[in-house]
Amino acid sequence: MAYQTVGKPMPRIEGADKVTGATRYAADLPIPESLYAKVLRSPLPHARIRNIDTSKAKALPGVHAVLTGADLPEVYVGLRMKDMPVLARDRVRFVSDPVAAVAADTPEIAEEALRLIEVDYEELPGVYDPLEAVKPGTVALHDAPRNYKNAPPLAEGVDPDRPNVQSHSIWQNGDIDGGFDNADRVFEGTFATQLAHHGYLEPHSCTVAVDESGNVEVWASNKGPFALKNRLAQDLEIEPEKVNVHILSVGGDFGGKASMIDTPVCYYLAKETGRPVRMVLTYTEEIATAAHRHPAIVSLRVGVKNDGTLTAVDGKVTFAGGAYAAWKANPEITVLGAKRLASYYRIPAIRIETICAYTNQVPCTQTRTPGSPQIVFAVESQMGQIAREMGIDPADFRLRNLVVPGDTSPLGAKWDGILARETLEKAVEASGWRTDPPGPNRGRGIALYERGAGGGNANAGIDLEEDGTVTVRVGVPDVGPGIHTAIVQIVSETLGTAPETIRIRVEDTDNSPWDPGTGGSKSTNTTGHAAHKAAREVHEMLVECAARKLGCEPDQVGRVDGRFAAPEGSDLSFVEVAQAAIAEAGGSFHHDTVFAPEGQPPITSFAAQIAEVEVDPETGQVTVTRMTTAHDSGRIINHLTYQGQIDGGVVNGVGFALMEDNPMSDGRITTLNLGDFKLPCAKDIPRLDTVFVDQGEGPVPFQGKAIGELPNVPTAAAIANAVADATGARIYELPLTAEKVYAALNES
């Protein structure tokens with residue numbers, strides 16, 4: 001079927017405002033009478049607070065409030081598990097743990113006030129290695145973590161007295177012992193990934209105002225405004241109807257803009273002063289105190305028959321969760337990417353144990369495809385190593401073991417429309433894998449991944465205007481991927497009116513339809529579906545209205561060139577029908593709908609990547625020269641934004657593979673600016689080639705599939721496999737720095 005709007009490369013509707021600087025983010029909003037907040041943060045990774053003297057800070061002219069944990073109710077906050085105090089009460093657990101907060105007339109006065117606060121600490125031993133953290137006898141960071149609200153139950157058989165366990169899960173399917181008994185060879189390997197910041201350019205910022213009646217207004221850089229409203233109300237014991245969160249553009253997220261990192265502090269300062277209070281983190285604060293990707297240690301045992309058939313996989317994944325679990329949103333509190341370990345292979349028996357440990361580091365949270373880049377780096381590196389050691393072409397080894405239609409996943413999921421083989425074969429063909437061998441010091445590597453679209457409920461509304469303008473009311477913020485543009489295309493296609501006549505309206509949680517927020521590759525599958533449903537319902541109303549005006553039955557009304565046509569040839573324009581519908585509705589037309597699916601279609605999406613690298617044998621420097629990416633895409637709603645997600649994801653994966661790192665020394669992050677952290681720049685971007693497998697049906701409107709959290713995942717493993725192909729040296733730890741490659745070359 002030919003579509004007029006869906007599937008076209010429509011430019012972003014907010015693009016002009018962003019490139020001209022007209023878009024206003026949380027830190028740009030002029031909130032009258034605002035005070036400026038700053039937070040005193042711990043210089044120690046683990047210490048007991050003996051005393052805090054704030055008298056000098058309170059006496060400083062221009063200071064309106066100074067708060068410590070002792071001044072606040074005993075409140076613990078969190079996206080799910082409530083284990084983090086708003087301000088540290090008795091202990092600090094990471095360098096930059098919030099200890100005291102100041103509200104002042106200017107940022108400079110607030111900074112000066114921080115310097116006047118005196119804190120007496122008793123330093124405690126630090127715990128940094130997640131493997132050591134959970135061993136009996138290790139210093140415990142929390143006295144009774146299972147007593148925190150929403151603490152998840154531990155896996156059956158796990159000692160509840162083990163120290164520093166945020167969460168512990170075990171997933172198993174099949175006879176794991178029998179699977180290894182059937183193997184001719186067993187391969188083992190341990191892989192490690194780094195602590196890394198999300199790298200968004202807009203820092204966390206928020207302003208909170210509290211009036212005399214206790215009504216709370218929030219302007220925050222946050223991707224889930226309704227979730228923020230509910231958590232503030234729940235954690236701070238405020239009546240929900242008193243909290244209103246304004247829905248703002250977010251300057252990058254990648255999973256990091258969900259936590260209440262600054263909002264509760266601003267709330268208590270605003271309540272204390274009777275003035276709006278604003279906090280904008282510096283980027284040094286961002287890296288030191290805001291959410292990061294979990295470091296991981298992944299140990300694998302893989303059973304294989306001599307013909308290359310997989311028989312069993314046993315994986316143990318240990319994540320360093322940081323000082324608090326508060327920034328993880330899923331009910332299990334673990335990092336659920338581990339559940340996708342080898343999920344696209346045909347494996348008769350699998351066991352996956354995952355543990356998330358408390359450590360004296362910045363708390364970690366979901367990061368673009370939470371846990372999967374770490375897991376896939378390990379699994380696909382191991383598969384590459386097995387193929388090479390068994391003398392099997394790495395592409396053929398994977399093709400031999402990929403799930404095919406009718407298979408279940410290793411953990412028993414039954415998917416429809418499996419296109420794993422087709423996706424890999426497209427990548428192999430496009431890359432020249434079989435026809436164009438790389439030259440000296442060059443290599444190629446393959447890696448795979450699968451992930452479906454997240455699901456859930458969402459609401460949307462549509463208003464019609466006399467001039468034919470259509471306003472779509474949604475509650476999803478713009479965080480960068482282009483959801484508002486996709487909604488315009490979906491509604492335009494459904495109503496049969498030009499995209500130029502459609503407006504997107506977002507306001508606040510008091511006046512916008514409820515929305516789950518972004519994340520989990522779900523916005524088009526939740527808010528997009530809600531807008532699609534609203535548009536279908538409005539279209540039915542317009543058809544019925546047109547039938548009354550044209551003197552025919554609704555099922556006789558056709559659409560010709562955007563007009564509503566009767567069988568005998570008379571017709572009405574969209575504007576004419578909209579005006580009639582508005583008149584019939586009493587002068588205004590508003591329609592609201594709720595999208596509440598009974599379940600998620602059992603459809604996932606597959607991605608395959610092939611990296612090409614050149615390695616300098618004298619220095620170990622790795623240069624990625626080309627990335628070929630194949631995606632099981634379904635019908636693409638907007639080719640520009642879809643390709644943008646792929647290109648951005650691959651570059652994100654290149655950074656994770658080669659350079660991004662926040663190493664710690666004695667609990668202190670040593671890379672406290674983006675220059676030291678090293679995000680990829682234009683010179684680091686290789687040639688990017690993309691191919692699509694566009695057959696099959698997807699779960700989102702017009703049969704699309706997920707894309708946001710696929711293209712960044714296989715990249716590190718593909719590059720690591722390419723380095724091994726070029727050099728014969730296997731690197732087991734990210735990032736793949738020149739020093740590590742040089743050392744491996746000399747060892748081999």
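What you see below is based on every heavy atom in this structure, not just the backbone, and it leaves out hydrogens, waters and symmetry mates.
Between His294 and Lys328, the side chains place a donor N or O and an acceptor N or O closer than 3.5 Å (distance only, hydrogens not considered). Using modelled atom types, one finds no donor on one side chain facing an acceptor on the other under 3.5 Å when comparing Asp661 with Gln194. Inspection of the Glu217 and His246 side chains reveals an N or O donor paired with an N or O acceptor under 3.5 Å. Side-chain contact, Ser221 with Glu202: a donor N or O sits under 3.5 Å from an acceptor N or O. In this model, a donor atom of one side chain and an acceptor atom of the other lie less than 3.5 Å apart for Gln600 and Asn525. The closest side-chain donor-acceptor pair between Asp647 and Gln643 falls under 3.5 angstrom.
Here the straight-line distance linking atom NE2 of His292 with atom OG1 of Thr367 works out to 9.0 Å at 0.5 Å rounding. Atom CH2 of Trp219 and atom OG of Ser205 lie 13.0 Å apart (nearest 0.5 Å). One finds the CZ atom of Phe94 at 11.5 Å from the CG atom of Leu141 (value rounded to the nearest 0.5 Å). Here CG of Leu336 is found 7.5 Å from OG of Ser169. Values are rounded to the nearest 0.5 Å. Going from atom OG of Ser372 over to atom NZ of Lys339 covers 12.5 Å, rounded to the nearest 0.5 Å. One distance of note links CD1 of Ile170 with OG1 of Thr354; it measures 10.0 Å at 0.5 Å rounding.
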Worksheet item: What's the verdict on side-chain contact (heavy atoms from CB on, under 4.5 Å) for Leu281 and Thr289, showing C-alpha distance, side-chain angles and the deciding distance?
Response: CA-CA 9 Å; Leu281 299 190; Thr289 195; 4.2 Å; yes
Worksheet item: Can you check side-chain hydrogen bond (donor to acceptor under 3.5 Å, both in side chains) on His46 and Arg91, steps first, answer last?
Response: CA-CA 7 Å; His46 196 197; Arg91 263 200 283 181; 3.1 Å; yes
Discussion item. As a quick check of understanding, evaluate ring pair (Phe, Tyr, Trp, His ring centres under 6.0 Å) for Phe595 and His532, giving each step before the final call.
Written reply: CA-CA 9 Å; Phe595 173 69; His532 189 213; 9.4 Å; no
Worksheet item: Where do Val491 and Val488 land on the side-chain contact (heavy atoms from CB on, under 4.5 Å) test, with the steps shown first?
Response: CA-CA 5 Å; Val491 173; Val488 166; over 6 Å; no
Item to complete: Give the C-alpha distance, both sets of side-chain angles, the deciding distance and a yes or no for side-chain contact (heavy atoms from CB on, under 4.5 Å) between Cys364 and Phe319.
Response: CA-CA 10 Å; Cys364 292; Phe319 293 103; over 6 Å; no
Worksheet entry | Intermediate values then yes/no, side-chain contact (heavy atoms from CB on, under 4.5 Å), Ile490 and Ile637 | CA-CA 8 Å; Ile490 289 167; Ile637 290 176; 4.0 Å; yes
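A donor-acceptor contact shorter than 3.5 Å links the side chain of Asp28 to the backbone of Tyr25. Using modelled atom types, one side-chain atom of His198 and one backbone atom of Gln366 make a donor-acceptor pair closer than 3.5 Å. Judged by distance alone, with hydrogens and angles left aside, the side-chain atoms of Asp83 form no donor-acceptor pair with the main-chain N or O of Tyr148 at under 3.5 Å. Judged purely by atom type and a 3.5 angstrom limit, Lys533 uses its side chain to pair as donor or acceptor with the backbone of Val594. Formation of a donor-acceptor pair under 3.5 Å by the Arg275 side chain with backbone atoms of Leu269 is not found in this model. The backbone N or O of Asn652 lies less than 3.5 Å from no partner atom in the side chain of Asn712, so there is not a single donor-acceptor pair. Lys38 places no side-chain N or O within donor-acceptor distance of the main-chain N or O of Ala101, the cut-off being under 3.5 Å. Under the 3.5 Å distance criterion, the side-chain polar atoms of Thr263 are left unmatched by any main-chain donor or acceptor of Met260. The closest donor-acceptor contact from the side chain of Asn244 to the backbone of Asp508 lies at 3.5 Å or more, if one exists at all. A donor-acceptor pair under 3.5 Å is formed between the side chain of Arg231 and the backbone N or O of Leu79.
Annotation: side chain of Lys705 is in contact with side chain of Pro699 (closest heavy-atom distance under 4.5 Å). At a threshold of 4.5 Å between non-hydrogen side-chain atoms, the residues Thr593 and Asn459 do not count as touching. At least one side-chain heavy atom of Phe677 sits less than 4.5 Å from a side-chain heavy atom of Glu660. Contact annotation: the side chain of Pro711 approaches that of His631 to within less than 4.5 Å [non-hydrogen atoms, C-beta and beyond]. Under the 4.5 Å side-chain criterion, counting only non-hydrogen atoms from C-beta, Ile355 is not in contact with Val317. Contact of the Ile487 side chain with the Ile483 side chain is registered, since non-hydrogen atoms from C-beta on lie closer than 4.5 Å. Side chains of Pro130 and Ile297 form a contact here, defined as non-hydrogen atoms less than 4.5 Å apart. Between Thr670 and Met664 there is no side-chain heavy-atom pair separated by less than 4.5 Å.
Taking 4.0 Å as the cut-off between side-chain N and carboxylate O, Glu285 and Arg41 count as a salt-bridged pair. Between Lys18 and Asp478 there is a salt bridge, since a side-chain N of the basic residue sits under 4.0 Å from a carboxylate O of the acidic one. A salt bridge does not link Arg80 to Glu332: none of the charged side-chain nitrogens sits closer than 4.0 Å to a carboxylate oxygen. Contact check on Glu709 versus Arg451 returns a salt bridge, with a Lys/Arg side-chain nitrogen under 4.0 Å from an Asp/Glu carboxylate oxygen.
Cation-pi geometry between Arg293 and Phe656 is met: the NZ or CZ atom falls under 6.0 Å from the ring centre, inside 45° of the normal. Note that Lys149 lies outside the cation-pi zone of Tyr76, set by a 6.0 Å cut-off to the ring centre and a 45° limit from the axis.
Enclosure of atom NZ in Lys242 by more than 12 non-hydrogen atoms of other residues, nucleotides or ligands within 6.0 angstrom is indicated. The 12-atom threshold is not exceeded at CD of Glu237, counting heavy atoms of other residues, nucleotides or ligands nearer than 6.0 Å.
For the pair Ala288 and Leu672, the tightest heavy-atom approach, listed with the atom from each and the gap, is CB-CD2, 3.9 Å.
Asp97 is linked by a salt bridge (Lys or Arg N to Asp or Glu O under 4.0 Å) to nothing, counting only residues two or more places apart in sequence or in another chain.
Using cut-offs of 30° and 60° for the angle between ring planes, the Tyr200 and His204 rings count as perpendicular.
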